[in-house]
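Read the structure below first, then the notes.
Lettering follows sequence order; numbering is per chain, from 1. Since this is a predicted model, take the numbers as computed values, not measurements.
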Number of protein chains: 2
Amino acid sequence: MSETPGYRPLYRQVYDIVVRRVAQGVWRPGEALPSEQSLARELGVSQGTMRKVLDALTAEKVLERRQGKGTFIAENTQERAQFRFFRIAHPGGKRLTPSLGTEAARVRAARSVERDRLELTRDARVVEITRVRHIEGAPAIREVIILPAAMFPGIEKHMPLPNSLYTLYQSGFGVTIVATHEELSAQLASGEDHRHLGITVGAPVLVIDRIAVDLTERKVEWRVSRVNSENLVYAITIT
Amino acid sequence: MSETPGYRPLYRQVYDIVVRRVAQGVWRPGEALPSEQSLARELGVSQGTMRKVLDALTAEKVLERRQGKGTFIAENTQERAQFRFFRIAHPGGKRLTPSLGTEAARVRAARSVERDRLELTRDARVVEITRVRHIEGAPAIREVIILPAAMFPGIEKHMPLPNSLYTLYQSGFGVTIVATHEELSAQLASGEDHRHLGITVGAPVLVIDRIAVDLTERKVEWRVSRVNSENLVYAITIT
DNA sequence: GAGTGGTCTAGACCACGCA
DNA sequence: GCGTGGTCTAGACCACTCT
């Protein structure tokens with residue numbers, strides 16, 4: 001993570017330049033970059049080196065390349081973000097798309113635990129979003145989402161929020177989520193779970209504690225999801 | 001998955017050749033392959049194309065490349081397999097290494113559900129391994145592992161089994177696990193969980209249902225792990 | 001046909017590990 | 001100092017998309 005190689009390959013430097021441009025929003029989501037050739041010329045490297053950079057960013061899902069068309073800023077579209085970071089499914093079955101039940105948002109001072117998890121300063125404020133998501137008509141997931149208010153000014157006015165928040169983060173606030181760290185545990189349904197999800201107290205609940213990281217490696221979102229595990233699973237492939 | 005490109009790049013053909021050799025055990029785990037140069041010469045391609053193949057297999061963790069030393073068959077060593085496929089940790093903390101509690105193995109006819117999950121023929125036999133794993137001295141995980149007996153002849157005689165079975169699969173049976181598909185759910189502790197893990201009936205248990213896939217895309221292992229979720233989580237990073 | 005990304009080559013030089 | 005993988009270049013040609 002914090003190596004000092006003492007040697008910095010050319011493609012690494014070029015990579016950083018391109019990442020910086022993407023993070024600064026030089027190109028909009030869905031927009032095409034200049035061609036491999038012209039970028040290589042502009043940055044004074046060979047086409048092969050430029051390709052290595054663009055291929056790496058494609059592997060990280062920051063860019064998309066389409067033969068014959070061009071290189072594009074990857075869009076966290078609803079469907080795409082859905083399948084990438086939303087991993088709830090029926091057992092042995094296909095992925096699901098939730099619909100919105102209820103939601104609420106407010107801005108307030110960050111609590112100690114929130115400052116720790118999101119690496120915020122002492123006087124930071126956060127946006128707290130609480131929502132219930134339905135699957136096939138029934139309430140299934142209760143989420144509490146904490147965002148640094150400074151990074152998402154006015155997001156609480158975007159209600160109703162889109163199904164995939166990461167699309168909004170990218171298009172509305174220039175924040176591109178590239179990774180999430182999740183910790184899953186089993187817990188028993190609380191009174192709140194009962195009220196919001198309609199499950200009996202003491203039923204098993206799958207709890208997902210997630211930190212989302214953006215292109216510039218900032219911790220951008222803390223989300224705790226409580227899933228009615230009766231007929232839902234968290235599905236993932238490890239490679 | 002089942003595309004018919006109508007066009008087959010050279011590196012793809014070379015890739016298949018190398019995969020076949022690895023699967024056939026032409027080189028042993030930990031052993032060095034011939035150098036990039038000599039492989040390229042032997043297979044009649046340029047060094048650049050050969051590199052593309054070896055880099056791809058390195059990304060899939062089938063090979064390992066070490067500058068100045070050579071290209072090696074990746075070993076599913078205890079530690080490595082441990083960190084790659086064993087994802088149990090303390091909340092917010094470091095990964096853990098379990099130790100063996102009790103274990104038992106027997107060979108029997110496959111049940112219907114096992115034939116389905118492992119895509120076995122009607123008369124197939126399986127090895128059933130049951131074991132309890134301890135973390136920091138206390139029983140924490142109960143696993144039931146189902147293997148196709150034909151693929152692992154005599155594995156039940158290897159008791160006590162190593163902590164990481166995937167190391168044994170590779171070194172003892174030439175089976176290299178390259179991916180797992182997992183489905184996680186929350187359940188309540190059963191009487192069996194109480195007996196084996198010492199937790200109270202009705203406590204929350206994290207259940208991991210895993211199918212492991214080998215280099216040749218065979219479904220090689222079905223494993224159900226029941227984890228005492230009181231002080232343990234399943235930690236994963238999605239990129 | 002023009003322009004893009006995708007493949008392939010041949011060769012040079014650099015960084016690393018080891019004897 | 002040699003052999004290995006890692007980087008970088010320059011250029012050719014192929015496949016795909018759109019006009």
Self-check item: Partners passing side chain to side chain donor-acceptor pair (under 3.5 Å) against Arg218(A) (at least two apart in sequence or in another chain)
Solution: Asp214(A), Thr216(A)
Quiz prompt | Between dG6(D) (P) and Tyr7(A) (OH): distance, integer Å | solution = 11 Å
Quiz item: Please give, in whole Å, the distance from dC14(C) C1' to Gln13(A) CD?
Solution: 14 Å
Practice problem: Would you mind reading off the distance between Leu10(A) atom CG and dC14(C) atom C1', rounded to a whole angstrom? | Solution: 13 Å
Self-check item: Distance, rounded to the nearest Å, where Asp55(B) contributes CG and dC8(C) contributes P
Solution: 14 Å
Practice problem: Give every residue pair that meets the salt bridge (Lys or Arg N to Asp or Glu O under 4.0 Å) criterion with at least one member in residues 160-182 of chain B, sequence neighbours excluded. | Solution: Glu182(B)-Arg210(B)
Practice problem: Sequence neighbours left out, what passes ring-ring contact (aromatic ring centres under 6.0 Å, His included) with Tyr166(B)? Give chain and number order. | Solution: Phe85(B), Tyr169(B)
Practice problem: Quickly work out the Arg65(A) CZ to dG3(C) P distance and round it to whole Å. | Solution: 18 Å
Quiz prompt | With His158(B) via ring-ring contact (aromatic ring centres under 6.0 Å, His included) - residues at least two apart | solution = Phe173(B)
Self-check item: Pi-cation contact, Phe86(B) with Arg95(B) (under 6.0 Å, within 45°)
Solution: no
Quiz item: Got a sec, which residues hit side chain to side chain donor-acceptor pair (under 3.5 Å) with Glu31(A), two or more places apart in sequence or on another chain?
Solution: none
Quiz item: What is the distance from CZ of Arg8(B) to P of dC14(D), rounded to the nearest Å?
Solution: 20 Å
Self-check item: Residue list, side-chain contact (heavy atoms from CB on, under 4.5 Å) with Glu136(B), at least two apart or on another chain
Solution: His90(B), Leu96(B)
Exercise. Please list, chain by chain and in numerical order, all residues satisfying side chain to side chain donor-acceptor pair (under 3.5 Å) with Arg65(B), sequence neighbours excluded.
Key: Glu36(B), Asp55(B), Thr71(B)
Quiz item: Quick one, which residues of residues 34-54 of chain B touch DNA chain D with a heavy atom under 4.0 Å?
Solution: Ser35(B), Glu36(B), Arg51(B)
Self-check item: Within residues 67-74 of chain A, residues whose heavy atoms come under 4.0 Å of DNA chain C
Solution: Gln67(A), Gly68(A), Lys69(A), Gly70(A), Thr71(A)
